[in-house]
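Here's the structure, in structure tokens; my notes come after.
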Protein chains: 2
Amino acid sequence: MDNTALLQKYSLKATPQRLEIVNVLSTHGHMNVNELYSTLLIKFPSISLATIYKNINIMLEKGFLLEVKLSEQKNVFELVKDNHSHVACMKCSDVIDIDLNIESIVNEVKKRSNYKLESNSLIFNGVCPRCSALK
Amino acid sequence: MDNTALLQKYSLKATPQRLEIVNVLSTHGHMNVNELYSTLLIKFPSISLATIYKNINIMLEKGFLLEVKLSEQKNVFELVKDNHSHVACMKCSDVIDIDLNIESIVNEVKKRSNYKLESNSLIFNGVCPRCSALK
DNA sequence: CTAAATGCAAAGCATTTGCAAATAT
DNA sequence: ATATTTGCAAATGCTTTGCATTTAG
């Protein structure tokens, strides 16, 4: 499914600005508001921060964008894919995805808390190999 | 160690406002900025939000207060204790602590990411037993 | 053609800062 | 006695809103 189809699937008009947001997120993976804004500015010199915010918000509502709240840095946004966890570098702010089998942990949490669980956010903070090497 | 001693350990003057913040957090567990403010207002009718913020920030810096970033609600603060995870209710915003053995997961993340891990934040979102019953 | 989206400017909140007065040590 | 802390008011910064214009379908 291409990006135009993705937007249409969620009843959003495929404007050039929106297409670029989706584009940029699908190549960069995780970006915060300002990174998105500066990146879009290149292609759309008169784009407004308000447009970025409005689009982020509507994409979050529609459910195909996800906000990741990180401990040591600004929140970032990513296109929704299969449930996965994140590893964040405290030095360079790089964020990577990692698929973990957390079934047993989730079951443990269910059993011990008696909560009905619906989602989870697992974030591991550390220093990436590149930054470790740079010491 | 009492709360005065805790503050002194971190070279902070044990003002009544600070003692009450620590007090309230040690009984309530997790509170956001406004909950802290309204609670402190009872005992200190002229306390300022700025004082709440200043103290939260200095306690975070000193390292005995921790900010928990939740997906569906405002961030909350807690006194630092042993590493643990959180389960949050999407209905009533209740947050509980849970001790999980995540050694094997952490090792897996280390191995697969090559990051040097320093901390983690595991948050499980769902509906608490009380809210489930209320349906 | 019409409803939705953009871009601008203004408004709204949350958080921080500067400073004089008060306070812990 | 002194450096720190408090509380107020102002400032800052991030996000949202309103509205006229433009644009996608």
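First the proteins, then the strands, lettered A, B, ... as listed; each starts at 1.
Picking from dA3(C), dT6(D), dG7(C) the nucleotide with the shortest atom distance to the side chain of S46(A) gives dG7(C). When each of dG7(C), dG7(D), dT5(D) is scored by its nearest atom to the side-chain atoms of R18(B), the top-ranked nucleotide is dT5(D). The side chain of P16(A) lies closest to dA24(D) when the candidates are dC8(C), dA24(D), dG7(D). Comparing atom distances between the A50(A) side chain and each of dT17(D), dT23(D), dC19(C) picks out dT17(D) as nearest.
Following rounding to the nearest Å, I52(A) (CD1) and dT16(D) (C1') show an atom-to-atom distance of 15 Å. Distance F44(B) CZ to dC8(D) P: 14 Å, rounded to the nearest Å. The nearest whole Å value for the distance from the CD atom in E67(A) to the P atom in dC14(D) is 15 Å. The distance between atom CG of L41(B) and atom C1' of dG7(D), rounded to the nearest whole Å, is 12 Å. We find that CG of N75(B) is positioned 13 Å from P of dA14(C), with the value rounded to whole Å. Taking atom CE on M59(B) and atom C1' on dT6(D), their separation rounds to 13 Å, with Å as the unit. The interatomic distance linking L19(A) (CG) with dT23(D) (P) rounds to 15 Å, in whole Å. Rounding to whole angstrom units, CG of residue L49(A) and P of dG13(D) are separated by 14 Å.
The phosphate of dA5(C) (OP1 or OP2) has no side-chain N or O of N55(A) nearer than 4.0 angstrom. Listed pair Q8(A) / dA24(D) fails the phosphate criterion, with no side-chain N or O lying under 4.0 Å from OP1 or OP2. Applying the 4.0 Å criterion to OP1 and OP2 of dT23(C), one finds that Q17(B) has every side-chain N and O outside that range. In terms of phosphate contacts, S48(A) brings no side-chain nitrogen or oxygen within less than 4.0 Å of OP1 or OP2 of dT6(C). Considering only side-chain N and O atoms, T15(B) lies under 4.0 angstrom from the phosphate OP1 or OP2 of dT6(D).
Closest approach of S71(B) to K69(A), counting heavy atoms only: O-NZ, 3.8 Å. Between L40(A) and Q17(A) the shortest heavy-atom distance is CD1-O, 3.6 Å.
The cluster map of Ile, Leu, Val, Met, Phe, Trp and Tyr, joined by side-chain heavy atoms under 4.5 Å apart, puts L36(A) and V80(A) in different clusters.
Remark on DNA chain C: of its neighbouring residues K54(B) and K74(B), the 5'-side contact belongs to K74(B), judged by nearest-heavy-atom nucleotide. Between A14(B) and V33(B), the residue whose closest nucleotide on DNA chain C is further toward the 5' end is V33(B).
A 6.0 Å sphere centred on NZ of K81(A) holds more than 12 heavy atoms belonging to other residues, nucleotides or ligands.
Under the 30°/60° scheme for interplanar angles, the aromatic rings of F64(B) and Y10(B) are found to lie parallel.
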